[in-house]
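Below: one structure, written as structure tokens.
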Amino acid sequence: MDGREELAVRFEAERGRLGAVARRMLGSTAEAEDAVQEAWLRLERVDAAELENLPGWLTTVVSRICLDVLRGRRTEPVVVEEAVDGPEAEAELVEEVGRAMLVVLDRLGPAERVAFVLHDGFAVPFEQIGPIVGRNTAAAKKLASRARQRVRGTGESTGAGAATGSARREVVEAFLAAARGGDLDALLAVLAPEVVRRADPAALPAGRPVLLRGAGAVARETRVIGRRARFAVPVLVDGELCAAIAPDGRLRLLLRFEVADGRVAGFEVVADPARLAALELSLPRQEVS
């Protein structure tokens with residue numbers, strides 16, 4: 001086996017780990033595969049004999065590539081209605097990382113996300129993370145800590161007690177389940193008779209009213225446009241349980257609910273990009289690992 005073949009074998013031994021790092025950083029299987037392949041191309045251009053720690057070098061290179069991709073997203077508007085990786089790849093990514101985690105990770109700044117994923121997800125020491133994100137060790141620790149706090153949030157608001165928060169979650173999840181299945185009877189059961197649905201115009205097909213009243217009307221509309229509910233996942237906004245619609249792990253719509261007497265009394269569909277960008281999302285306690 002010559003030097004190039006040996007290097008290829010060593011790289012392939014690291015590919016799975018590198019792919020997992022990149023998928024968590026980018027929230028995209030296709031982009032992660034591109035990042036790992038780019039790392040291989042860069043490895044071919046260096047003298048591998050001079051690398052004392054090949055796994056560490058590869059982690060650094062893949063992380064820097066991902067950091068550049070994440071920074072590029074901040075300057076290039078992304079308009080995506082369906083998952084960019086295709087349904088099978090998206091399903092695998094959601095199974096691996098969790099859709100709620102992908103949504104919340106996507107809200108972090110690029111350096112925060114890289115520091116958090118490397119340290120909390122893969123136990124990379126901050127001494128190695130610092131140079132990757134262009135910070136010293138102490139600053140890298142602060143980045144990961146800030147990201148961790150944003151991911152975990154302050155916990156779910158429970159009103160009068162824990163049972164209130166639990167009951168609210170049950171109602172929200174029942175609504176989402178009915179919407180995913182297009183089950184009109186189940187929607188009518190979970191909606192209050194005088195339920196009110198408000199929505200940003202961007203969330204609706206042309207001609208749909210931004211304000212809709214009554215369980216029948218709201219249930220029928222939800223059933224028609226409910227295909228997007230299969231991408232819904234519970235998240236917290238200011239401690240309030242909401243539902244994020246994220247077809248590719250990136251927030252497209254947010255549903256904010258009013259729950260009373262065990263039913264949905266009202267909900268708002270937030271779709272305006274500026275409003276979505278201003279939201280602080282965190283994971284419900286059940287989703288925090």
Evaluate the criterion side chain to side chain contact (heavy atoms under 4.5 Å, CB included) for residue pair Leu255 and Phe175; output intermediate values, then yes/no. CA-CA 11 Å; Leu255 276 59; Phe175 171 84; 3.9 Å; yes
Taking the side chain as everything from C-beta on, heavy atoms only, tell me whether Thr60 gets closer than 4.5 Å to Pro131. no
Quick one: CD on Gln37 to CZ on Phe11, what's the gap to the nearest 0.5 Å? 6.5 Å
Measure from the side-chain N and O atoms of Arg180 to the backbone N and O of Ala229, and report whether any donor-acceptor pair falls under 3.5 Å. yes
Answer whether the closest heavy-atom distance between the side chains of Pro234 and Val172 falls below 4.5 Å. no
Indicate if Leu54 and Leu41 have the same hydrophobic cluster label, given that clusters are the connected sets of ILVMFWY residues with side-chain heavy-atom separations under 4.5 angstrom. yes
Among the clusters formed by ILVMFWY side chains lying less than 4.5 Å apart, do Phe231 and Leu204 turn up in the same one? no
State the CG-CG distance between Leu108 and Leu281, to the nearest 0.5 angstrom. 10.5 Å
How long is the gap from CG on Asn136 to CD1 on Ile129, to the nearest 0.5 Å? 12.5 Å
Side-chain heavy atoms of Gln128 within contact of Leu118, under 4.5 Å: no
To the nearest 0.5 Å, what is the distance between CG on Asp200 and CG on Asp272? 5.5 Å
Steps toward side chain to side chain contact (heavy atoms under 4.5 Å, CB included) verdict (Glu280, Arg107): CA-CA 8 Å; Glu280 289 287 343; Arg107 312 297 287 181; over 6 Å; no
Do Leu254 and Ile245 have side chains that approach each other closer than 4.5 Å (heavy atoms only, starting at C-beta)? no
When every non-hydrogen atom of Arg263 is compared with those of Leu191, the smallest separation belongs to NH1-O, 3.4 Å
What verdict does the salt bridge (charged side-chain N to carboxylate O under 4.0 Å, His left out) test give for Glu268 and Arg275, after you've listed the backbone C-alpha separation in whole Å, the side-chain angles of each residue and the deciding distance to 0.1 Å? CA-CA 12 Å; Glu268 180 184 19; Arg275 295 185 66 195; 3.0 Å; yes
Test salt bridge (charged side-chain N to carboxylate O under 4.0 Å, His left out) applied to Arg15 - qualifying residues, sequence neighbours left out: Glu12
Calculate, to the nearest 0.5 Å, the distance between atoms CG and CD belonging to Leu18 and Glu33 respectively. 12.5 Å
Leu58 side chain near Leu43 side chain, heavy-atom distance below 4.5 Å: yes
Can you tell if the side chain of Trp40 reaches within under 4.5 Å of the side chain of Leu7, non-hydrogen atoms only? yes
Going by an N to O cut-off under 4.0 Å, is there a salt bridge joining Glu96 and Arg24? yes
Look at Glu14 together with Arg10 and state whether they make a salt bridge at an N to O cut-off of under 4.0 Å. no
Look up atom CZ in Arg42 and atom CH2 in Trp57, then write down how far apart they are to the nearest 0.5 Å. 8.0 Å
Search all heavy atoms of Leu236 against all heavy atoms of Leu283 and return the closest pair with its distance. CD1-O, 3.6 Å
Over all heavy atoms of both residues, which pair between Arg146 and Glu112 is shortest? Give the atoms and the distance, please. NE-OE2, 2.6 Å
Quick one: are Val195 and Glu258 in side-chain contact, heavy atoms under 4.5 Å? no
Could you pull out the closest heavy-atom pair between Val218 and Arg213, with the gap in Å? CG2-C, 4.5 Å
Please step through side chain to side chain contact (heavy atoms under 4.5 Å, CB included) for the pair Leu26 and Leu70, ending with a clear verdict. CA-CA 7 Å; Leu26 299 176; Leu70 292 170; 4.0 Å; yes
Does Asp47 have more than 12 heavy atoms from other residues, nucleotides or ligands lying within 6.0 Å of its CG? yes
Looking only at heavy atoms, which two atoms of Val171 and Gly262 are closest? And how far apart? CG2-O, 3.5 Å
same_hphob_cluster(Phe122, Leu143) at 4.5 Å side-chain heavy-atom cutoff: yes
ILVMFWY cluster, Val210 and Val264 together (side-chain gap under 4.5 Å): no
Check this for me, if you would: do Glu31 and Arg73 make a salt bridge, where the nitrogen-to-carboxylate-oxygen distance has to be below 4.0 angstrom? yes
Given 3.5 Å as the limit, does a donor-acceptor pair link the side chain of Arg23 with the main chain of Thr29, or not? no
Could you report the tightest heavy-atom contact between Arg168 and Phe257, atom names first, then the distance? NH2-O, 2.8 Å
Could you go step by step and tell me if Val9 and Glu5 meet the side chain to side chain contact (heavy atoms under 4.5 Å, CB included) rule? CA-CA 6 Å; Val9 169; Glu5 290 175 337; 5.6 Å; no
ILVMFWY cluster, Val196 and Val270 together (side-chain gap under 4.5 Å): no
Parallel, tilted or perpendicular, judged at 30° and 60°: which one describes the rings of Phe126 and His119? parallel
Are any side-chain N or O atoms of Glu38 and backbone N or O atoms of Ile65, one a donor and one an acceptor, separated by less than 3.5 Å? no
